[in-house]
Asks: 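Quick one: the structure is below, questions incoming.
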Protein chains: 2
Amino acid sequence: MSTLANKIERYIKEMMAAAEKNCLELKRKDLAEVFSCVPSQINYVLETRFRDEQGYHVVSRRGAGGYFQIIRLEVADNKEMKNLIAAVSETEMDFKKAEGFLGRLLEEAVINRNEYMLIMSMINRESLSSAAETEDRVRAAMMKNVLITLLRADY
Amino acid sequence: MSTLANKIERYIKEMMAAAEKNCLELKRKDLAEVFSCVPSQINYVLETRFRDEQGYHVVSRRGAGGYFQIIRLEVADNKEMKNLIAAVSETEMDFKKAEGFLGRLLEEAVINRNEYMLIMSMINRESLSSAAETEDRVRAAMMKNVLITLLRADY
DNA sequence: AATAAAAAGATCAAAAATAGTCAAAGAAAA
DNA sequence: TTTTCTTTGACTATTTTTGATCTTTTTATT
């Protein structure tokens, strides 16, 4: 039913939740073996589901004894808050990036599912199609205002 | 002598009723196989019988593992709501008008105060300034999608 | 110490698996 | 007969999966 990539994503997130750590170290080859797939499939999952704007940072080492680490970035962290603000202050934001960013806010419970759906419906490509070549600029402005609103003391 | 399109429509509606779910997920290819027709026939059915103003919203994903979802909207036989969707679907909407519209939704408790603030921050003139002369068209598209989202039976 | 071999992981593009679009052909209704 | 609705298929777009090739790091050999 679900794709292999989805299964690997779920597996990694469950591992992290179970370990109650925000850092998980794995071997690419082993993980690929668990799912009987080519190792580069793991890279695909990391690139599409564990990007910085999605709230995860990945580091790795090659060579014998190589591995990769997935580090969950917590919004509560002061430094992360700055990163977030920097991210939304960018003047352009494509849909993929905004989606990752909102997914993260949802995972961190900064927004609830309904708010996630609402915001997504407003920033999707269809909503902004009339904006033509300014689509990503409009989306960036919207995302910035979303964050400002969420941070308002009286929200 | 019902058409193929009618049969597919009935099949989908029966599936939804039977599952007592507000949301049904199917694979276009599989469904086409069930009815021994070309996949694009499924699109025809969705476009002619499951449009927003008919009380259903469809989302889909392409690619390996692709699918489409049919989501029931809580407009039931509310003709007025369907008309409202149709109306919002075509119009341009300036900020004042959108503000009035959202004010009513707030008063009628369709949205809460936080959702109101969030939506307002995204449709205000500043957010849409980059859209230039298409501002009102973008706002209308956003408002339509807000309405669809609020009406989703699974919201 | 220098070099070669082995053991990882990264990259990138091709192939596979879906879904969407659009226009033409066919069928049914007016 | 004209118009509208349905069916089909060729072409396009998107996402995932796979594999060949490249890079980095460690380990073994000389």
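Naming convention: chains lettered A, B, ... in sequence-line order (proteins, then strands); numbering from 1 in each chain.
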Asks: In whole Å, what is the span from the CG atom of A:Asn43 to the C1' atom of D:dT18?
Replies: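 For the pair A:Asn43 CG and D:dT18 C1', the rounded distance is 12 Å.
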Asks: Is the phosphate of C:dA28, meaning OP1 or OP2, less than 4.0 Å from a side-chain N or O of B:Thr3?
Replies: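 No.
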Asks: Supply the members, apart from A:Val38, of the Ile/Leu/Val/Met/Phe/Trp/Tyr cluster built from side-chain contacts under 4.5 Å; use none for a lone residue.
Replies: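 Via sub-4.5 Å side-chain contacts, A:Val38 links to none.
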Asks: Sequence neighbours excluded, which residues qualify as side-chain hydrogen bond (donor to acceptor under 3.5 Å, both in side chains) partners of A:Arg139?
Replies: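 Testing A:Arg139 for side-chain hydrogen bond (donor to acceptor under 3.5 Å, both in side chains), a comparison that skips the adjacent residues, returns A:Glu135, A:Asp136.
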Asks: Verify whether one side chain among B:Asn6 and B:Arg49 offers a donor that lies under 3.5 Å from an acceptor in the other.
Replies: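 Result is yes, a qualifying pair exists.
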Asks: Give the other cluster members for A:Ile8, using side-chain heavy-atom distances under 4.5 Å between Ile, Leu, Val, Met, Phe, Trp and Tyr residues; answer none if it is isolated.
Replies: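 For the cluster that includes A:Ile8, the remaining residues are A:Leu4, A:Tyr11, A:Ile12, A:Met15, A:Met16, A:Leu24, A:Leu26, A:Leu31, A:Val34, A:Phe35, A:Ile42, A:Val45, A:Leu46, A:Phe50, A:Tyr56, A:Val58, A:Phe68, A:Ile70.
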Asks: Which nucleotide in the set D:dG9, D:dT6, D:dT17 lies at the smallest distance from any side-chain heavy atom of A:Tyr44?
Replies: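 Selected nucleotide: D:dT17.
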Asks: Looking at A:Arg51 and A:Glu47, is any side-chain nitrogen of the basic one under 4.0 Å from a carboxylate oxygen of the acidic one?
Replies: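 Salt bridge absent between A:Glu47 and A:Arg51.
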Asks: Salt bridge between A:Arg104 and A:Glu80, side-chain N to carboxylate O under 4.0 Å?
Replies: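 Yes, this pair counts.
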Asks: Less than 4.5 Å apart, any side-chain heavy atom of B:Leu150 and any of B:Leu105?
Replies: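 B:Leu150 reaches B:Leu105 side chain to side chain.
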Asks: Please classify the nucleic acid contact of A:Ile42 as base, sugar-phosphate, or nothing, using heavy-atom distances under 4.0 Å.
Replies: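 No contact at all - A:Ile42 keeps every heavy atom at 4.0 Å or more from the nucleic acid.
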Asks: With the threshold set at under 4.0 Å for non-hydrogen atoms, list the residues of residues 22-37 of chain A touching DNA chain C in residue-number order.
Replies: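 A:Lys27, A:Arg28, A:Lys29, in order of number.
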Asks: I'd like to know if the side chain of A:Thr134 reaches the main chain of A:Ala131, judged simply by a donor and an acceptor atom lying under 3.5 Å from each other, with no hydrogens or angles considered.
Replies: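 Yes; at least one donor-acceptor contact below 3.5 Å.
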Asks: Let me spell it out: for each of A:Val38 and B:Leu4, pick the nucleotide of DNA chain D with the closest heavy atom. Which residue's pick is nearer the 5' end?
Replies: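 Looking at the nearest nucleotide for each, B:Leu4 comes out on the 5' side.
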Asks: Using a 4.0 Å heavy-atom cut-off, does A:Tyr67 contact any base of the nucleic acid, only the sugar-phosphate backbone, or nothing at all?
Replies: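 If one applies the 4.0 Å heavy-atom cut-off, A:Tyr67 turns out to touch the sugar-phosphate alone, with no base involved.
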Asks: Extract from the structure each pairing of a protein N or O with an N or O of nucleotides 26-30 of chain D at less than 3.5 Å, listing the distance.
Replies:
from   : atom 1 : to      : atom 2 : distance (Å)
D:dT26 : OP1    : A:Arg61 : NH2    : 2.6

Asks: Taking atom C1' of C:dT21 as reference, at what distance in whole Å does atom CG of B:Leu46 sit?
Replies: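 Checked: the CG to C1' distance equals 14 Å.
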Asks: With sequence neighbours excluded, tell me which residues meet side-chain hydrogen bond (donor to acceptor under 3.5 Å, both in side chains) with A:Lys21.
Replies: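 Once residues adjacent in sequence are excluded, A:Lys21 has no partner under the side-chain hydrogen bond (donor to acceptor under 3.5 Å, both in side chains) criterion.
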Asks: Is it true that the side chains of B:Asn43 and B:Ser40 contain a donor and an acceptor less than 3.5 Å apart?
Replies: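 No, no side-chain donor-acceptor contact under 3.5 Å.
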Asks: Quick one: B:Gln41 CD to C:dG20 P, roughly how many Å, whole number?
Replies: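 The answer, rounded to whole Å, is 14 Å.
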Asks: Of all residues at least two apart in sequence or in a different chain, which pass the side-chain hydrogen bond (donor to acceptor under 3.5 Å, both in side chains) check with B:Arg61?
Replies: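 Testing B:Arg61 for side-chain hydrogen bond (donor to acceptor under 3.5 Å, both in side chains), a comparison that skips the adjacent residues, returns none.
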Asks: Between the opening five pairs and the closing five pairs of the helix from C:dA1-D:dT30 to C:dA30-D:dT1, how far apart are the helix axes, to 10°?
Replies: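 Comparing the axis at each end, I get an angle of 0°.
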Asks: Hey, is the side chain of A:Ser40 pairing donor to acceptor with the base of D:dG19 inside 3.5 Å?
Replies: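 Counting by modelled atom types and ignoring angles, a donor-acceptor contact under 3.5 Å is found here.
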Asks: With a 4.0 Å heavy-atom cut-off, tell me which residues in residues 126-140 of chain A come close to DNA chain D, sorted by residue number.
Replies: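 Output list: empty, so none.
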Asks: Round to a whole Å and report the spacing from CD of A:Gln69 to C1' of C:dG9.
Replies: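 Answer to the nearest Å: 14 Å.
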Asks: Please state whether the phosphate of D:dT14, meaning OP1 or OP2, lies under 4.0 angstrom from any side-chain nitrogen or oxygen of A:Arg125.
Replies: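 Indeed not, no polar side-chain atom of A:Arg125 lies that close.
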Asks: Using distance only, find each side-chain donor-acceptor pair of residues 115-122 of chain A under 3.5 Å and give its atom names and separation, not counting sequence neighbours.
Replies:
from     : atom 1 : to       : atom 2 : distance (Å)
A:Glu115 : OE1    : A:Asn112 : N      : 2.9
A:Glu115 : OE2    : A:Tyr155 : OH     : 2.6
A:Ser121 : OG     : A:Leu118 : O      : 2.7
A:Ser121 : OG     : B:Thr149 : OG1    : 3.3

Asks: Between atom CD in B:Glu47 and atom C1' in D:dC5, what is the gap in whole Å?
Replies: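 Atom-to-atom, B:Glu47 to D:dC5, this comes out as 13 Å.
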Asks: Using the side-chain contact (heavy atoms from CB on, under 4.5 Å) criterion, which residues pair with A:Glu25? Sequence neighbours excluded.
Replies: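 Checked A:Glu25 against side-chain contact (heavy atoms from CB on, under 4.5 Å); matches are A:Tyr67, A:Gln69.
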Asks: Counting only pairs under 3.5 Å, give me each side-chain donor-acceptor contact of residues 85-98 of chain A, with atom names and distances, residues two or more places apart or in other chains.
Replies:
from    : atom 1 : to      : atom 2 : distance (Å)
A:Ser89 : OG     : A:Ile85 : O      : 2.7
A:Glu90 : OE1    : A:Lys97 : NZ     : 3.2
A:Glu90 : OE2    : A:Lys97 : NZ     : 3.4
A:Asp94 : OD1    : A:Lys96 : N      : 3.3
A:Asp94 : OD1    : A:Lys97 : N      : 2.8

